[in-house]
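FYI, side chains are in, hydrogens and waters are out, and symmetry mates aren't considered; it's all heavy atoms of this structure. What you see is a predicted model; the values in this text were computed from it and never measured.
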Amino acid sequence: MLTTDILVIGSGISGLFFAIKTAKKRPDLSIVIMTKETAKKTNTELAHGRIAVVTDLMKDSFSQHIEDTLRSGGGLCDKEIVKMVITQAPDRLKELIEMGASFDQDENGEWNLGLEDGHSQHRILHHKDSSGLERKLLKIIKKLPNIELWENHMVIDLNTEFKRNKPTCTGAFFYDKKHNKIKYIRTRATVLNTGGCGQLFENTTNEKIVTADGIAMAARAGADIVDMQYIQFHPTALFTGKENPMFLISEDVRGFGAHIISEDGKRFLFKYDIRGELATHDIVLNAISKELQLSSKEHVYLDCRHLNAADFQNHFPAITAHCNELGIRPEKDLIPIVPAAHYQCGGIQVDQNAATYIKNLYAIGECARTGLHGKNRLASNSLLEALVFAHQASENVDRTIAGFTFSTKILIPKFPKAEQANDYHAFEILKKELQKLVTSFYTSEERDSELAFAKIKMLNDTAVSFTKSHEITIPFIEFSNMIAVSLIIIKQCTAAKKQMY
């Protein structure tokens with residue numbers, strides 16, 4: 001029987017940070033990090049590695065960062081959580097740097113701080129426009145003897161048992177791709193670090209593996225799923241008409257001085273907010289969406305032509321290189337952009353220690369609803385949130401795991417035999433239909449939830465019919481998770497709309 005003291009599901013930065021802190025503090029505990037593909041294939045690896053931290057109390061303050069976060073969250077942030085996260089930021093940043101992270105400094109050795117939308121001060125630490133954080137943390141993981149990294153192992157479902165009238169997570173079923181077997185592992189604590197639900201939408205900056213797996217698993221286990229109606233679309237994804245995921249043009253480009261213009265070359269954001277390009281995500285997004293509706297165009301443009309070309313390339317080498325590969329020269333060409341699903345503000349409800357309603361089950365990173373973001377995440381607060389709640393979870397596990405015992409039940413996997421079938425193409429077609437449906441529902445002002453439910457049921461029935469002639473497959477598992485979370489989004493969007501009237 002496979003066992004581990006702690007199972008971390010997913011290899012994003014929050015999970016790696018949690019595992020490193022816990023392994024160093026508690027070398028007596030065994031930790032398994034399980035990821036459904038290679039460990040490097042995460043949204044963390046795609047992210048630009050920006051983190052919002054108050055580093056100079058002479059020029060900035062915790063109270064200003066707190067106020068910016070609350071304003072961006074539209075009244076739905078948990079004030080105590082916001083205060084906890086932002087005041088912890090310098091300590092978590094120090095730990096990250098000690099682990100090997102590096103951020104840009106000027107010639108005097110001072111932080112080269114960026115300004116992003118919604119922030120009242122320059123407080124964004126960055127390393128050019130990419131960070132390599134994932135790779136650096138993975139190198140540390142490999143050197144820690146009490147951590148095992150299991151790649152190409154997809155968790156299918158959590159196992160729960162009722163103890164003292166409360167559900168308790170005691171293990172997980174997973175698919176070992178290499179040996180083509182479904183197995184079970186017993187745990188004393190399980191940490192979900194599975195990312196969001198970005199692949200539910202047609203235009204997205206999220207990797208193809210981001211199929212809402214952790215949220216679906218947690219929901220089936222009985223955890224509370226909250227605020228899934230708040231999906232943050234990034235206003236400036238590079239538009240090519242074919243990329244999935246779409247390439248992200250960082251908010252920092254606007255902070256650097258780039259303009260957003262329409263087809264006729266006019267800046268239009270000031271019609272919607274006096275801050276123009278530095279307004280919050282939601283305001284910039286809504287402004288672009290309205291302009292696209294009015295013009296019936298597929299995209300608007302990011303104009304960097306007035307900026308110093310050498311400074312731009314030095315500050316944004318990855319963005320410049322990607323544009324150049326597509327034949328776009330930012331110093332002389334307009335960059336076509338379109339809004340794309342980027343970040344999930346809701347998710348699995350957790351407390352200040354990242355603990356869910358289910359005993360022994362934690363959630364960190366984008367899959368968790370912590371109370372920090374409210375209805376709209378402030379730019380670059382997500383990496384900070386990941387570090388703080390990884391820290392909180394690690395501290396809580398350290399304090400409590402002595403009271404967690406392995407379940408004595410021996411579980412045989414209840415799933416049909418898995419196989420690596422050739423039905424990826426069929427599920428890709430179903431997935432595109434689901435993306436079209438969810439995108440249409442989410443972006444429409446007139447939402448017909450009954451029609452959406454009916455269409456999703458038809459897609460689900462089609463998916464289930466495949467399993468009658470095939471064994472269970474990875475595409476089916478992912479699609480089932482996407483279906484489950486699509487229904488949650490539709491229900492919560494509909495409930496939120498009713499509360500408005």
Side-chain angles (χ1 to χ4, degrees), residues 43 45-50 104 112 114-117 124 126-131 198 201-207 232-273 275-281 283-343 379-380:
N43 271 347
E45 187 64 14
L46 288 179
H48 293 145
R50 286 163 158 69
D104 291 345
N112 186 356
L115 177 67
E116 293 183 349
D117 51 316
I124 313 302
H126 51 82
H127 181 67
K128 303 297 182 184
D129 54 352
S130 60
S131 66
F201 298 88
E202 288 182 291
N203 289 340
T204 182
T205 62
N206 289 254
E207 267 280 10
Q232 186 180 65
F233 278 62
H234 198 289
T236 57
L238 179 62
F239 178 82
T240 65
K242 57 185 178 181
E243 280 192 326
N244 182 350
M246 302 180 81
F247 185 79
L248 178 67
I249 305 292
S250 167
E251 302 97 327
D252 201 23
V253 174
R254 303 200 302 282
F256 195 74
H259 299 157
I260 293 177
I261 63 173
S262 57
E263 183 77 23
D264 57 8
K266 295 180 180 178
R267 294 174 70 184
F268 56 86
L269 290 179
F270 288 99
K271 292 191 299 183
Y272 301 91
D273 193 283
R275 292 170 292 180
E277 278 79 10
L278 295 180
T280 54
H281 269 82
I283 292 172
V284 176
L285 167 70
N286 291 336
I288 293 175
S289 297
K290 286 180 181 178
E291 288 296 315
L292 292 177
Q293 289 174 6
L294 290 171
S295 66
S296 297
K297 301 293 183 182
E298 287 188 299
H299 57 79
V300 292
Y301 295 96
L302 199 62
D303 187 0
C304 305
R305 296 174 298 178
H306 57 286
L307 303 175
N308 182 284
D311 287 347
F312 184 89
Q313 182 166 356
N314 181 60
H315 203 76
F316 305 109
I319 291 173
T320 302
H322 190 83
C323 287
N324 288 346
E325 287 175 9
L326 299 173
I328 301 170
R329 301 289 184 269
E331 69 274 13
K332 65 177 182 178
D333 298 325
L334 295 174
I335 303 173
I337 55 170
V338 68
H342 181 55
Y343 193 86
S380 292

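Proximity of Glu116 to Asp252: side-chain heavy atoms (C-beta onward) are separated by under 4.5 Å at one or more points. In this structure the side chain of Val253 never reaches within 4.5 angstrom of the side chain of Ile335, judged on heavy atoms. Inter-residue side-chain proximity for Val300 and Glu263 is flagged as unmet; no heavy-atom pair is nearer than 4.5 Å. Contact of the Phe256 side chain with the Asp311 side chain is registered, since non-hydrogen atoms from C-beta on lie closer than 4.5 Å. Within the 4.5 Å cutoff, the side chain of Asp264 has no heavy atoms near those of the Ser295 side chain. Val284 is not listed as a side-chain neighbour of Glu251, based on a closest heavy-atom distance of 4.5 Å or more.
Taking the six-membered ring where tryptophan is involved, the planes of His126 and His315 are perpendicular, since the angle between them exceeds 60° and thus also 30°. Using a 30° and 60° split on the angle between ring planes, Tyr272 and Phe268 fall in the perpendicular class, above 60°.
Atom CD1 of residue Ile337 and atom CD1 of residue Ile288 lie 4.5 Å apart, to the nearest 0.5 angstrom. Interatomic distance, Asp104 CG to His127 NE2, rounded to the nearest 0.5 Å: 6.0 Å. Remark: Leu334 CG to Arg329 CZ distance equals 14.5 Å, nearest 0.5 Å. Here CZ of Phe239 is found 12.0 Å from NZ of Lys297. Values are rounded to the nearest 0.5 Å. Considering CG of Asp333 and CG of Asp303, their distance stands at 10.5 Å, rounded to 0.5 Å.
A donor-acceptor distance shorter than 3.5 angstrom exists from the side chain of Glu277 to the backbone of Ile260, with no hydrogens or angles considered. Asn206 places a side-chain N or O within 3.5 Å of a backbone atom of His342 that can act as its donor or acceptor partner. Side-chain atoms of Thr236 come within 3.5 Å of backbone N or O of Ile249 as a donor-acceptor pair. Between the Arg50 side chain and the Ser380 main chain, no donor and acceptor come within less than 3.5 Å of each other. With hydrogens and angles disregarded, no donor-acceptor distance shorter than 3.5 Å links the side chain of Arg305 to the backbone of Pro330.
Shortest non-hydrogen contact noted between Phe233 and Phe201 is CZ-CD2, 3.7 Å. Scanning both residues, Asn203 and Met246, for their nearest heavy atoms gives CB-SD, 3.6 Å. Contact record, Ala341 with Thr204: O-OG1, 3.1 Å, taken as the closest heavy-atom pair. Considering all non-hydrogen atoms of both residues, Glu298 and Val338 come closest at O-CG2, 3.6 Å. Shortest non-hydrogen contact noted between Pro336 and Ile328 is CD-CD1, 3.9 Å. Minimum heavy-atom separation, Pro339 to Leu285: CB-CD1, 3.2 Å.
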Full working for side-chain contact (heavy atoms from CB on, under 4.5 Å) between Tyr343 and Thr205: CA-CA 9 Å; Tyr343 193 86; Thr205 62; over 6 Å; no

Criterion side-chain contact (heavy atoms from CB on, under 4.5 Å) on Tyr301 and His259, from CA distance to verdict: CA-CA 8 Å; Tyr301 295 96; His259 299 157; over 6 Å; no

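No side-chain donor-acceptor contact under 3.5 Å links Ser262 and Glu291.
The environment of Glu331 atom CD is dense: over 12 non-hydrogen atoms of other residues, nucleotides or ligands sit within 6.0 angstrom.
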